[in-house]
Amino acid sequence: MEYTVVIRTLGQAGDKYRKLLNSLLTQTVQPVAILVYIAEGYELPKETIGVEKYIFVKKGMVAQRALPYSEVETPYVLFLDDDVYLPPTGVETLYNEMIEEKGDVISPCVFFNHQIPIKNKIRLTLLGREVCRLIGNRWSFKVLRNGAFSYNNNPTKAVLEAQSNAGPCLFCKKEDFLATHLEDEKWLDDAYYAFPEDQVLFYKMYCQGLKVLTSYDSGIMHLDASTTVANPEEKARKVVYSEYRNKLIFWHRFIFLPETNMLLKLWSVIALVYTLGIQFFKYIILKCMGKSILANAFMDGLQDAWSYLHSTEYKRKKRILKYEKK
């Protein structure tokens with residue numbers, strides 16, 4: 001098995017980036033090459049292992065991953081963010097599990113939603129944001145009718161199928177990734193934050209008929225290189241705006257439009273109205289408490305999403321068609 005490592009970065013992850021590079025040197029199956037796609041205008045990181053090659057590209061979570069990868073000469077690719085740690089058997093485990101389960105793409109579970117406190121599980125489930133799923137053991141993550149996702153509360157197998165996954169690390173064939181045409185989803189980068197770009201990628205793969213897998217035992221960890229900000233309130237505003245702008249577009253593009261069953265289409269609308277209705281009352285209450293900046297961000301995000309959905313650019317996009325699984 002030959003693979004190339006591709007990393008997207010701004011060159012600011014510091015010691016966590018160093019840990020990533022060092023962990024790549026310890027892999028039981030070594031990569032043929034390590035390619036680092038850094039955003040234009042940013043300085044090369046001082047952390048190095050002397051074998052990686054840097055390539056400057058346009059900035060953006062999607063822009064720095066939705067690339068032609070003409071430099072990649074291997075059939076398999078390990079996609080990484082700059083703050084991931086892989087144990088020595090990390091890549092070998094992903095590959096073996098993908099082959100054993102006859103999968104097309106595999107990603108490690110690095111956020112462990114099923115391990116959060118019960119009160120958070122209940123709150124997020126009622127809000128319709130991250131729904132705790134108590135029944136069934138086929139799926140790790142499923143995409144819901146409101147555009148959010150559910151997670152398996154008690155995964156008892158090392159590998160489960162998925163409709164969504166976390167984006168810091170994924171392993172698949174180059175040809176399968178390119179066939180997904182992630183470049184068509186650069187609308188995500190138009191917001192302050194590209195959330196939920198990982199869900200968009202994996203769900204698009206799923207819709208195209210690829211078997212997506214989640215590994216629970218790879219030992220791969222997300223080190224989280226996010227830094228503190230000078231203005232937390234402004235960051236919160238940008239997060240709220242980006243979340244609801246992009247979620248509404250995702251729902252319309254991936255849930256509503258592809259659905260051909262009119263009853264399920266109606267159910268999708270009801271699910272979205274429920275979720276947005278709860279959030280609307282939440283932000284109205286916050287506005288009454290003097291936090292109108294978040295309420296305004298919520299409404300601005302929805303309004304901008306609505307405008308984009310009626311734009312010529314959006315109407316020209318190729319429709320998402322769900323693969324009919326037998």
Side-chain angles (χ1 to χ4, degrees), residues 2-74 76-95 107-108 110-111 165-172 174 177 182-183 186 188-189 191-195 197-198 201 218-232 234-235 238-239 242:
E2 292 187 335
Y3 72 99
T4 298
V5 172
V6 300
I7 304 170
R8 61 180 174 186
T9 186
L10 298 179
Q12 300 175 344
D15 190 53
K16 293 172 182 178
Y17 179 56
R18 186 193 306 278
K19 290 180 180 179
L20 165 61
L21 293 178
N22 288 336
S23 72
L24 292 175
L25 289 177
T26 70
Q27 292 306 298
T28 53
V29 181
Q30 283 289 296
V32 171
I34 300 175
L35 306 177
V36 186
Y37 294 86
I38 187 169
E40 294 174 348
Y42 286 78
E43 295 183 3
L44 297 182
K46 62 179 182 298
E47 299 82 12
T48 181
I49 52 176
V51 297
E52 66 275 23
K53 175 184 177 182
Y54 287 90
I55 302 161
F56 284 98
V57 294
K58 296 291 184 182
K59 180 184 177 183
M61 290 292 285
V62 178
Q64 287 177 248
R65 182 158 283 176
L67 300 166
Y69 295 109
S70 55
E71 306 87 358
V72 175
E73 299 177 349
T74 59
Y76 290 96
V77 183
L78 177 66
F79 297 86
L80 295 170
D81 283 353
D82 60 6
D83 54 357
V84 176
Y85 166 78
L86 297 91
T89 58
V91 176
E92 183 179 2
T93 298
L94 292 181
Y95 175 75
S107 179
V110 294
F111 293 121
N165 257 328
C169 173
L170 66 131
F171 186 86
C172 65
K174 174 184 173 180
F177 178 86
L182 184 60
E183 65 273 11
K186 288 184 180 179
L188 288 156
D189 280 339
Y192 299 105
Y193 298 99
F195 176 88
E197 55 89 19
D198 47 358
L201 170 60
S218 68
I220 296 172
M221 296 186 296
H222 180 232
L223 303 176
D224 191 2
S226 59
T227 57
T228 57
V229 295
N231 190 338
E234 176 63 12
K235 179 179 180 180
K238 292 179 177 179
V239 168
S242 302

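Side-chain atoms are counted along with the backbone in the values below, which use heavy atoms only and exclude waters and symmetry mates.
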Kindly give the heavy-atom pair with the smallest separation between [X] and [Y], and that separation in Å.
| X | Y | value |
| --- | --- | --- |
| P45 | I38 | CD-CD1, 4.0 Å |
| L86 | S23 | O-CB, 3.2 Å |
| V91 | Q27 | N-OE1, 3.1 Å |
| G50 | T48 | N-OG1, 3.0 Å |
| A166 | V110 | CB-CG2, 3.8 Å |

Side chain proximity check, [X] to [Y], heavy atoms < 4.5 angstrom:
| X | Y | value |
| --- | --- | --- |
| D15 | R18 | yes |
| V84 | F79 | no |
| P168 | L223 | no |
| L170 | L201 | yes |
| V51 | L24 | no |
| K46 | Y17 | no |
| K59 | E40 | no |
| C172 | V77 | no |

Mutual orientation of the aromatic rings belonging to F171 and Y76 [parallel < 30°, tilted 30-60°, perpendicular > 60°]: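 Judged by the thresholds at 30° and 60°, the geometry between F171 and Y76 is parallel.
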So that I can tick it off, tell me whether R8 and D82 are bridged by a salt bridge, with the cut-off set at under 4.0 angstrom between side-chain N and carboxylate O.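 R8 and D82: not salt-bridged.
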Can you name the residues that form a side chain to side chain donor-acceptor pair (under 3.5 Å) with E73, not counting sequence neighbours? none
Who passes side chain to side chain donor-acceptor pair (under 3.5 Å) against T26, sequence neighbours left out? none
Show your reasoning for whether side-chain hydrogen bond (donor to acceptor under 3.5 Å, both in side chains) applies to T74 and T4. CA-CA 6 Å; T74 59; T4 298; 2.8 Å; yes
Could you check, using the six-membered ring where one of them is a Trp, whether Y37 and Y69 have ring centers closer than 6.0 angstrom?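 Centroid separation for Y37 and Y69: below 6.0 Å.
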Please step through side-chain contact (heavy atoms from CB on, under 4.5 Å) for the pair R65 and D81, ending with a clear verdict. CA-CA 10 Å; R65 182 158 283 176; D81 283 353; 3.4 Å; yes
Value rounded to 0.5 Å, distance of [atom1] in [X] from [atom2] in [Y]:
| X | Y | atom1 | atom2 | value |
| --- | --- | --- | --- | --- |
| L35 | E52 | CG | CD | 10.5 Å |
| L25 | N22 | CG | CG | 6.0 Å |
| I7 | L20 | CD1 | CG | 4.5 Å |
| D189 | S242 | CG | OG | 10.5 Å |
| L67 | I55 | CG | CD1 | 8.5 Å |
| E197 | L188 | CD | CG | 7.0 Å |

Any sub-3.5 Å donor-acceptor pair from S107's side-chain atoms to C169's backbone N or O? yes
Under the side-chain contact (heavy atoms from CB on, under 4.5 Å) rule, what do V29 and Y3 come out as? Steps first, then yes or no, please. CA-CA 9 Å; V29 181; Y3 72 99; 3.8 Å; yes
